[in-house]
Amino acid sequence: MQFAQIILPLNLKGTFTYKVPADFLDKIEVGMRVLVPFRGKKIYTGIVAELFNDFEETFVPKEIINLLDNQPIVPQQQLEFWNWLSSYYLCNLGEIYRLAFPSSLKLESETYVRLLSERTIDWQNLDANETYLLQALEVRQMLNLQEIEAFIPKKEIIKTINALIDERYISVDEKITEKYKAKEVAYLRINRDELNIKIHLAEVISSLKKAKKQQELFLLLLDKETENPDKPVRKSDIFDEGNFNQSQVKLLIEKKLIQEYYLEKYRIESYEGKIEEIEELTDIQKTAILEINQAFEEDKNVLLHGVTSSGKTHIYLEKIEDCVIAGENVLLLLPEIALTKQITIRLEKKYGKKLGFYHNKLTDFERVEVWKKIKNNELQILIGTRNSLFLPYENLGLIIVDEEHDSAYRQRDQSFFFNAKDSAMMLAEFYQSRLILGSATPSLESYDLAMKDKLRYVVLNERFGEVDLPEFKIIDIKEAQNQKKIVGNFSQTMIDEINRQLEERKQTIILHNRRGYANVVECETCGHVTYCSNCDVVMTYHKASNELKCHYCGHRASKPISCPSCNSDNLNTRGIGVEQIEEEVQKIFSDSEVDRMDVDSMRKKFAYEKLYEKLENGETDILVGTQMISKGLDFDNIELVAIPKADSMIHVQDFRAEERAYQLITQVAGRAGRISGKGKILIQTYNPLHSVFELIKNQNIKETYQYFLDERKKFLYPPFVKLIMIELKHRKEDKVNRASQFLGSIFRKYIPEECILGPEKSPIARLNNLYQYQVLLKFPKNRNYRIYKELLLKSFDEFDEITAYKSVKKDVFVDF
DNA sequence: AGCACGCCGACT
DNA sequence: GTCGGCGTGCTC
């Protein structure tokens, strides 16, 4: 095994070939980390992807500098998973590696400068920056670029360093620094090396008779050690008891009677409370379990379609327990970690320290710790967001994807686009483990797979405790307007119903899925509206903070007092946001406590916790909110959900809009009447006959999904075609425009016309100062897909040959 | 991706 | 005249 293919943490195609030095020949394995030089002096941590002997020397490979692991850190299954992701989502392995690893595990060399002693410095001929740098180096012989940035402007650093190198005053080098430091905790113990307790004990104690506190402390330590010889005594625990202080400890250490030592501690506090058993299942749940077991026996994965509050969690807990008993580990994926309290609490109570969390709110060091625990097989269950797909599991037996329809699984954050739900299905395959997708409102794609028995369809169609499902009522706003039975955005019917709830001391949820106070601030005189300076998007008015915000790039501006264009103060707002609904509700139900839950109101620290408590204590009468309120709010006292402007949800230019509206409404509806079964949902609309509202009202799952599937089939959307979107971005509009035209023409050379839509401007033509164009491809879902994908790759290669378009950023969204 | 090399506009 | 802009090319 003379050579190795190495994955580098760079967004570059393919892997790189390095020579394995003789010392590592018998140690190196696929999946280990290595240090390799890349491009001059720079050093990266790479992953061994492949080892082989024969190599046609078309170039001279460099040597691996060092081996960082004694055993593979990336399991074989993960490497297979990476390869699959790379070929399926058309992204580079390097991008995946970057996303998968906490950055502390990917050491990179750092450039630093060092003072050369061979020349005496001629201070007269130096400019100010050069003088600063040399002076600094006389104090601290080595400085890295960041440290230099503190006293030399960024732009001048390179110039200064180059000048000093030319003068042979300094040299530049690369150095690897260990970033991860395990947190260490201090412990105390009797110094048994120095004294033989049995012989000297009396002597020691009497020697301390003038220092009562020290004597006491020594005896306490002795007690603790005798009582529980294997339990280390934490220094902080001694202090916590309040009797002792640092100086007594110090003196005892000086007398060599006790010792202080350090142990590595995991930064993440884990549950230390009592461990509880889970409750008994209902008959319906038991049947579902049997069905799941049957499916698993047949090597089938499961779609668990459980109506809201049917107790999907119970099923999860049961299957998790089965898996743990079998000695295998479990991954529970959640769309977001923050809003899912109850399931985590229950698991914590049952599994205590065997449970781990992994999500984007952890610090990098915390991530490394979870990583290590998984690697050492110290965790039986991991609860995490999409990134936890990449942890180095060894014996994964079960993956559960909760709320599998949730769009958080298909988000595009910093890295490439991938669908965590679909990826989880592949990961399960590589690990030969089981998979359960769970939702009250499964995605159409999953439902379709279930109907074809590619996933076993298991239904829980009854609420826990045989509680009735909520009742839906559609209110025609036009009719209410005609009869003048309307106040603002609220029909009299809705107001009456909310009042009834208030009288009965029940809580009400009002859903309005649009942030801010008003969509647009418009000048009535000249029609001027304020656009974001970075994006082609109108700015939303937020009354609470009295400013305009761009919901895409986060740009903020103060609200204009008069029109910036014609100076008229005849400004008006259009498009109702959740803040305005809250204001209205406040006015109509002036005696009640109204709260709002949206991204903006939840930004403050503990805002969520505070609101949660208010709701739990029944202080909040009416909760107004965006889609956020559909998640994790399980309170017994909520009976009414009101949706005053439901139309806004279906009038979105997106083929998933109706599906999402259905899911959102059904999910919010699930908050109502969880215990009493008297849940009621009021939906106000101008289109009471719209199919989506009809379907929601009828609550016929089969009919609903059939309708959606028919629509998708009619307009050629997933799951009937493979959808791939290519987005091109550049600072200059004409450049992206030309690039996208060119890409379109290449596609048309190889791919049938009917599969190609565009190129055209993206719905948001400019985002963060980048102009965006997109091409949409609809490929058949049969065996031909492979051929089409080949043609797509060929087209990309041809496109990439044009160097002028290299600066155009190309993003590929497969199954977006 | 990042980093160096190389050719054109706004400044001492 | 230079400095620094970013277009282009390359990395085992």
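Quick caveat, the model's predicted, so the values are computed rather than measured.
Atom NZ in A:Lys806 sits roughly 13 Å away from atom C1' in B:dA1 (whole-Å rounding). Rounded to whole Å, the distance from CD on A:Glu801 to P on C:dG9 is 12 Å. Atoms CG (A:Leu10) and C1' (B:dC3) sit 11 Å apart, rounded to a whole Å. Rounded to a whole Å, the CG atom of A:Leu12 is 11 Å from the C1' atom of C:dC12. Per the geometry, CD1 belonging to A:Ile43 stands 15 Å off C1' belonging to C:dT11, to the nearest Å. Distance A:Lys42 NZ to C:dT11 C1': 14 Å, rounded to the nearest Å. Look at CD1 on A:Ile802: it is 11 Å from P on C:dT8, rounded to the nearest Å.
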Could you write out each protein N or O paired with an N or O of nucleotides 10-12 of chain B at a distance under 3.5 Å?
none

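Between the side chains of A:Asn768 and A:Asn534, not a single donor N or O lies within less than 3.5 Å of an accepting N or O. Looking only at atom types and distance, the side chain of A:Asn377 has a donor-acceptor partner in the side chain of A:Asn329 under 3.5 Å away.
Take A:Arg556 and apply the salt bridge (charged side-chain N to carboxylate O under 4.0 Å, His left out) test, not counting sequence neighbours, and it matches A:Glu547. A search for ring-ring contact (aromatic ring centres under 6.0 Å, His included) contacts involving A:His551 returns A:His542, not counting sequence neighbours.
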Steps toward side-chain contact (heavy atoms from CB on, under 4.5 Å) verdict (A:Ile96, A:Phe418): CA-CA 10 Å; A:Ile96 300 171; A:Phe418 70 102; over 6 Å; no

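Checking C:dG7, C:dG9, C:dT8 against the side-chain heavy atoms of A:Ala804 singles out C:dT8 as nearest. Among the nucleotides C:dG7, B:dA1, C:dC12, the one closest to the side chain of A:Tyr18 is C:dC12.
Within the 4.0 Å cut-off from OP1 or OP2 of C:dC12, at least one side-chain nitrogen or oxygen of A:Lys62 is found. Note on A:Arg98: a side-chain N or O is less than 4.0 Å away from OP1 or OP2 of B:dG2.
For A:Phe3 and A:Tyr18, the ring centers sit 6.0 Å or farther from each other.
A salt bridge between A:Lys809 and A:Glu727 is absent, with no side-chain N of the basic residue lying under 4.0 Å from a carboxylate O of the acidic one.
Counting non-hydrogen atoms under 4.0 angstrom, A:Thr803 reaches the backbone sugars and phosphates but no base.
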